[in-house]
Colleague: 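Following this message is one structure expressed as structure tokens.
Note that these values count all heavy atoms, side chains included, but never hydrogens, waters or copies made by symmetry. Every chain is numbered from 1, with letters handed out A, B, ... down the list of sequences. Please read all numbers here as calculations on a predicted model, not as lab measurements.
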Amino acid sequence: LWRVLETSASSLSSGPRLEARGEQDVTIMVALGFGFINSSLRRYGWSSVAFNLFLLALVVQWAVLLDGFLEQLSPKKVVIKLSSIKLATMSAMSVLISAGAVLGKTNLVQLVLMALVEVTAFDVMRMIQRKYFLKDNHVNMMHIHVFAAYFGLMVAWRFRRPLHERVMEKDQTAKSSSLFGMLGTLFLWIFWPSFNSALLLDSPNERKNAMFNTYYALAVSAVTAISVSSLAHPQGKINMNHIHNAVLAGGVAVGASCYLISSPWLAMVLGLTAGLISTGGALCLPMYFNHVLGIHDTGGVYYTFGLPGLLGEIAHIVNCGLYTQWNTTWINHQLLLDIGALSLAMAMGLIIGLLTGLVLNLKIWRGPHVSKYFDDQAFWEFPHLAVGF
Amino acid sequence: LWRVLETSASSLSSGPRLEARGEQDVTIMVALGFGFINSSLRRYGWSSVAFNLFLLALVVQWAVLLDGFLEQLSPKKVVIKLSSIKLATMSAMSVLISAGAVLGKTNLVQLVLMALVEVTAFDVMRMIQRKYFLKDNHVNMMHIHVFAAYFGLMVAWRFRRPLHERVMEKDQTAKSSSLFGMLGTLFLWIFWPSFNSALLLDSPNERKNAMFNTYYALAVSAVTAISVSSLAHPQGKINMNHIHNAVLAGGVAVGASCYLISSPWLAMVLGLTAGLISTGGALCLPMYFNHVLGIHDTGGVYYTFGLPGLLGEIAHIVNCGLYTQWNTTWINHQLLLDIGALSLAMAMGLIIGLLTGLVLNLKIWRGPHVSKYFDDQAFWEFPHLAVGF
Amino acid sequence: LWRVLETSASSLSSGPRLEARGEQDVTIMVALGFGFINSSLRRYGWSSVAFNLFLLALVVQWAVLLDGFLEQLSPKKVVIKLSSIKLATMSAMSVLISAGAVLGKTNLVQLVLMALVEVTAFDVMRMIQRKYFLKDNHVNMMHIHVFAAYFGLMVAWRFRRPLHERVMEKDQTAKSSSLFGMLGTLFLWIFWPSFNSALLLDSPNERKNAMFNTYYALAVSAVTAISVSSLAHPQGKINMNHIHNAVLAGGVAVGASCYLISSPWLAMVLGLTAGLISTGGALCLPMYFNHVLGIHDTGGVYYTFGLPGLLGEIAHIVNCGLYTQWNTTWINHQLLLDIGALSLAMAMGLIIGLLTGLVLNLKIWRGPHVSKYFDDQAFWEFPHLAVGF
């Protein structure tokens with residue numbers, strides 16, 4: 001079918017170098033940022049970094065093909081452009097977000113299966129949004145946070161098991177691993193403006209606005225996260241896990257509407273709200289999730305990406321409403337499309353996540369036993385078992 | 001007053017992408033470089049990285065507003081350009097340099113207070129230099145090293161306390177932390193040419209010269225630092241602390257005059273001198289500072305930024321003199337302005353640093369007790385106190 | 001002789017900024033990537049990172065001068081362009097590759113000597129290829145992998161000693177060091193497309209093709225390396241050392257022909273083959289090398305760069321043959337030139353490596369005793385000997 005897969009060298013002569021640059025920023029963010037942000041688990045650093053690279057390399061190849069199929073009409077020939085890699089890398093991010101929720105509870109085969117299902121579902125969702133909800137690439141890509149968070153949570157829900165105390169101990173951070181986690185966070189923090197503006201290729205103004213607002217929202221949410229974490233503790237001590245996650249909430253929240261916002265104050269308010277929600281979530285939700293719902297969200301995906309993403313989508317809907325206020329019918333129609341697109345993302349995330357979780361729970365995949373959760377030793381050959389940290 | 005804060009999208013249509021790129025390089029340098037270069041303290045890695053991010057995010061927002069006020073005339077409206085963020089990030093660097101001298105001896109509230117005072121003083125100094133000493137942005141920004149080093153030393157001087165041996169032990173490096181420190185150093189080393197050329201936007205030639213000369217000076221000072229450190233030890237052993245700091249001295253020293261120097265030999269000689277001064281300082285000064293002056297300069301700010309910065313300013317004055325030798329009166333006038341600007345930077349650094357140090361020493365800030373110096377445990381919630389490294 | 005060393009500011013007015021960017025990518029790759037990829041040795045992290053920086057800074061300066069001499073005709077004046085630094089950094093990479101094979105077995109003086117000899121030999125080889133074999137800069141630069149691997153192996157061969165068990169123990173990885181190694185690998189992985197396309201400045205199309213194909217080959221070899229490593233182990237456990245090296249084999253193998261390959265499938269097949277060869281080599285060769293040949297290849301240089309590089313050169317010869325199939329005589333002539341150039345690279349690597357190894361083994365250099373192999377303590381001043389990890 002796609003025997004004649006070609007790179008369209010000539011079609012992109014306008015700015016191959018800038019293209020390549022944008023692609024590289026996203027690759028740095030995904031490979032280094034997501035690789036290290038979850039490496040703060042005490043005994044799971046190797047797996048989180050290496051599995052992240054494996055999933056990224058695999059999913060990008062699959063997503064490039066998939067994008068080619070879903071976007072192009074001629075069924076015999078898939079033309080690959082340099083921008084395809086950028087788009088595929090961004091789609092692959094959905095997998096890396098969800099993987100944070102099931103981190104340490106699955107083996108590599110289960111992760112690969114989840115990755116292929118998720119990125120396919122995500123790309124199909126994006127195609128539906130493009131065709132039937134008239135959302136352009138930037139807007140439909142920004143549903144990634146909501147989609148991936150709910151997908152990951154549903155999979156994690158099917159992996160609920162009573163965790164022994166010895167296992168829970170491994171689900172903690174250590175001094176040196178936490179610095180690696182911080183390294184990942186910083187890479188994400190620095191390159192998030194590139195991510196939010198990567199698909200706004202048409203208008204340099206929108207692109208600049210997007211970078212600017214994302215930068216501002218990130219700065220505010222970093223300050224908020226650290227302050228709130230310190231104020232919430234009786235002795236003013238800060239919790240490292242809050243920092244890892246809540247620092248990024250501003251970038252997530254501002255994602256959908258970053259090109260629309262005209263005043264930095266709005267971006268700052270969004271960043272502040274996102275920081276509050278995210279730190280608040282990190283303070284309260286784990287207890288609730290663990291004990292009531294039985295979901296163990298290892299990487300804090302729900303309050304890092306889920307809630308701020310939801311906030312961002314709502315902000316985008318409000319912003320679009322304010323931006324195009326010249327015609328009530330048009331607004332109503334637009335509003336319906338926006339709400340429909342968001343519901344589609346949530347629904348597909350929840351349902352396909354649940355189905356994937358059910359399938360992954362089958363015995364045939366031989367997932368790790370609950371006593372081996374969060375442990376590198378299940379997957380890695382160590383020189384000597386006794387070699388310390 | 002500044003209710004109508006707007007991003008000036010249209011005013012920068014020439015090269016928004018290149019702008020954004022330069023801004024990103026500086027952010028990488030400041031967030032990753034300064035974040036990790038001081039993380040080599042054995043028990044203070046978390047604080048140095050996270051407090052660095054907090055100060056950066058906070059100060060950039062403040063400095064953007066401040067720049068708007070000080071630069072623009074219309075008092076009701078502050079126009080923010082993408083280049084404002086770059087300028088603000090570079091101003092924020094003054095805080096991060098000074099923070100190295102008081103590292104581990106203050107709490108977050110004290111640091112925030114210091115940061116706001118320092119960046120305000122620095123921006124006022126730059127405005128005075130621009131208006132009354134006719135120094136353009138590049139030249140007045142390069143006084144950052146001298147200003148920040150003296151500011152930091154003065155604050156550190158007010159925090160002099162007799163340090164117990166148990167505390168001194170913590171003021172040391174460990175194997176793994178030192179690699180993180182090296183990571184920070186490498187980021188600074190790689191992106192220093194971007195920093196030195198970031199404000200030379202008018203002339204591509206000057207910009208290229210600046211990059212080139214900075215690269216050369218850095219290469220020479222890296223070789224010098226490692227060789228001298230090895231030769232100074234009876235058994236030829238290298239001291240990691242010398243490397244962390246002295247490797248960068250070349251970039252600091254060449255900063256002010258990097259766009260003027262026409263021959264790489266001059267840049268190399270500057271790099272060599274800076275490397276020698278910096279390694280020599282690291283060998284001799286700590287003893288003297290600790291015992292005679294009672295200043296405990298945790299991050300070695302004085303011989304990393306202070307002395308090489310001073311050397312760089314003198315080299316700049318000499319270079320300017322050689323460059324414009326056609327008229328004696330003009331030289332004399334120019335010389336007076338140059339020396340005046342340098343004196344202003346040093347005087348403001350010393351005086352405002354001293355005042356800040358006095359204020360920060362008040363009991364009301366509840367700074368950490370001397371026994372808690374250099375210890376993450378005063379500021380961070382650890383999962384279990386007993387979790388090892 | 002070269003008293004009038006000047007930077008040719010005007011000759012590059014076309015795109016100084018893009019130039020600077022390409023230069024920076026290569027510097028990141030070389031300083032951070034090669035610095036950290038070998039830091040996974042348990043007790044040798046400091047040395048591998050710092051010696052890497054030292055060699056880089058020294059060799060770049062030497063290579064810039066050397067390039068000036070070998071390329072230009074006017075003997076009195078060496079013009080330095082910004083692209084000279086890029087070329088010099090890439091030449092310096094040959095030293096950093098070879099240094100991986102003798103890692104932990106030499107002192108700094110020996111390394112410096114080796115570096116100066118190697119980069120001189122490499123630049124002379126490149127000049128011969130350019131003049132007599134009519135190979136352009138991209139093609140002759142890509143012989144770096146084969147040249148540097150054989151050079152390094154020959155030097156390592158002269159350093160063969162019976163290693164005690166206690167020493168062998170140090171030649172192992174540890175948890176936290178391995179994450180640093182992974183960091184280096186990821187930097188190399190991300191910036192390898194920039195490296196492979198850095199010298200294809202004439203045609204944006206070739207440049208884009210090169211990036212694209214390198215990216216694809218790297219993605220496939222990453223997936224291959226991790227899968228094969230897991231499948232080869234009876235319990236499916238992955239070996240971290242395989243990952244560090246084999247992940248990059250695709251980029252090495254596709255290097256020479258990356259601008260020619262027109263279909264991603266070919267790049268993927270090359271990446272797959274390289275991944276298989278490299279992981280296979282890592283599984284079988286160390287035993288054979290250690291016991292039969294007596295070569296202890298610390299960094300796995302032979303199967304990371306040597307074998308994939310050889311594969312890449314053969315692929316390039318085949319590709320060139322297919323590409324220019326209109327004239328048999330021409331092909332034959334071209335083929336002879338290609339094979340001649342490859343043989344030259346291998347022969348010069350082997351012979352000069354052997355000679356260098358002989359010279360370095362002289363007593364006068366006072367290399368570390370075999371019991372001090374792979375140990376930072378021979379070269380670094382530690383605060384206290386007893387400070388843990």
Colleague: Pick from C:Phe379, C:Phe51, C:Phe180: which one has the most heavy-atom pairs with chain B under 4.5 Å?
Modeller: C:Phe180
Colleague: What verdict does the side chain to side chain contact (heavy atoms under 4.5 Å, CB included) test give for C:Val60 and B:Tyr216, after you've listed the backbone C-alpha separation in whole Å, the side-chain angles of each residue and the deciding distance to 0.1 Å?
Modeller: CA-CA 9 Å; C:Val60 164; B:Tyr216 254 69; 5.8 Å; no
Colleague: Let me know if B:Ser227 has heavy atoms under 4.5 Å from chain C in its side chain, its backbone, both or neither.
Modeller: both
Colleague: What part of C:Thr89 gets closer than 4.5 Å to chain B, counting heavy atoms only: side chain, backbone, both or neither?
Modeller: side chain
Colleague: Quick one: CD1 on B:Ile226 to CG on C:Leu53, what's the gap to the nearest 0.5 Å?
Modeller: 5.0 Å
Colleague: Side chain, backbone, both or neither: which part of C:Leu108 has a heavy atom under 4.5 Å from chain B?
Modeller: side chain
Colleague: Using every non-hydrogen atom in the two residues, find where B:Ala222 and C:Phe54 come nearest and quote the distance to one decimal.
Modeller: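 Where B:Ala222 meets C:Phe54 most closely, the heavy atoms are O-CD1, 4.4 Å.
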Colleague: Over all heavy atoms of both residues, which pair between C:Gln24 and B:Ile190 is shortest? Give the atoms and the distance, please.
Modeller: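 Closest heavy-atom pair between C:Gln24 and B:Ile190: NE2-O, 4.0 Å.
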Colleague: Minimum heavy-atom separation for B:Val223 to C:Leu58, with atom names?
Modeller: CG2-N, 3.7 Å
Colleague: Could you tell me the separation between the CZ atom of C:Phe36 and the CG atom of B:Leu179, rounded to the nearest 0.5 Å?
Modeller: 6.0 Å
Colleague: Taking all non-hydrogen atoms of both residues, which atom of B:Lys237 and which atom of C:Glu381 are closest, and how far apart?
Modeller: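 Where B:Lys237 meets C:Glu381 most closely, the heavy atoms are CB-N, 3.8 Å.
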Colleague: Sort B:Val220 into side chain, backbone, both or neither according to what part of it lies under 4.5 angstrom from a heavy atom of chain C.
Modeller: both
Colleague: Applying side chain to side chain contact (heavy atoms under 4.5 Å, CB included) to B:Leu183 and C:Leu32, what does each step give before you reach the verdict?
Modeller: CA-CA 8 Å; B:Leu183 185 69; C:Leu32 283 170; 3.8 Å; yes
Colleague: Closest approach of C:Thr27 and B:Tyr215, non-hydrogen atoms and distance?
Modeller: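 Between these two residues, the closest heavy atoms are OG1-CE1, 4.2 Å.
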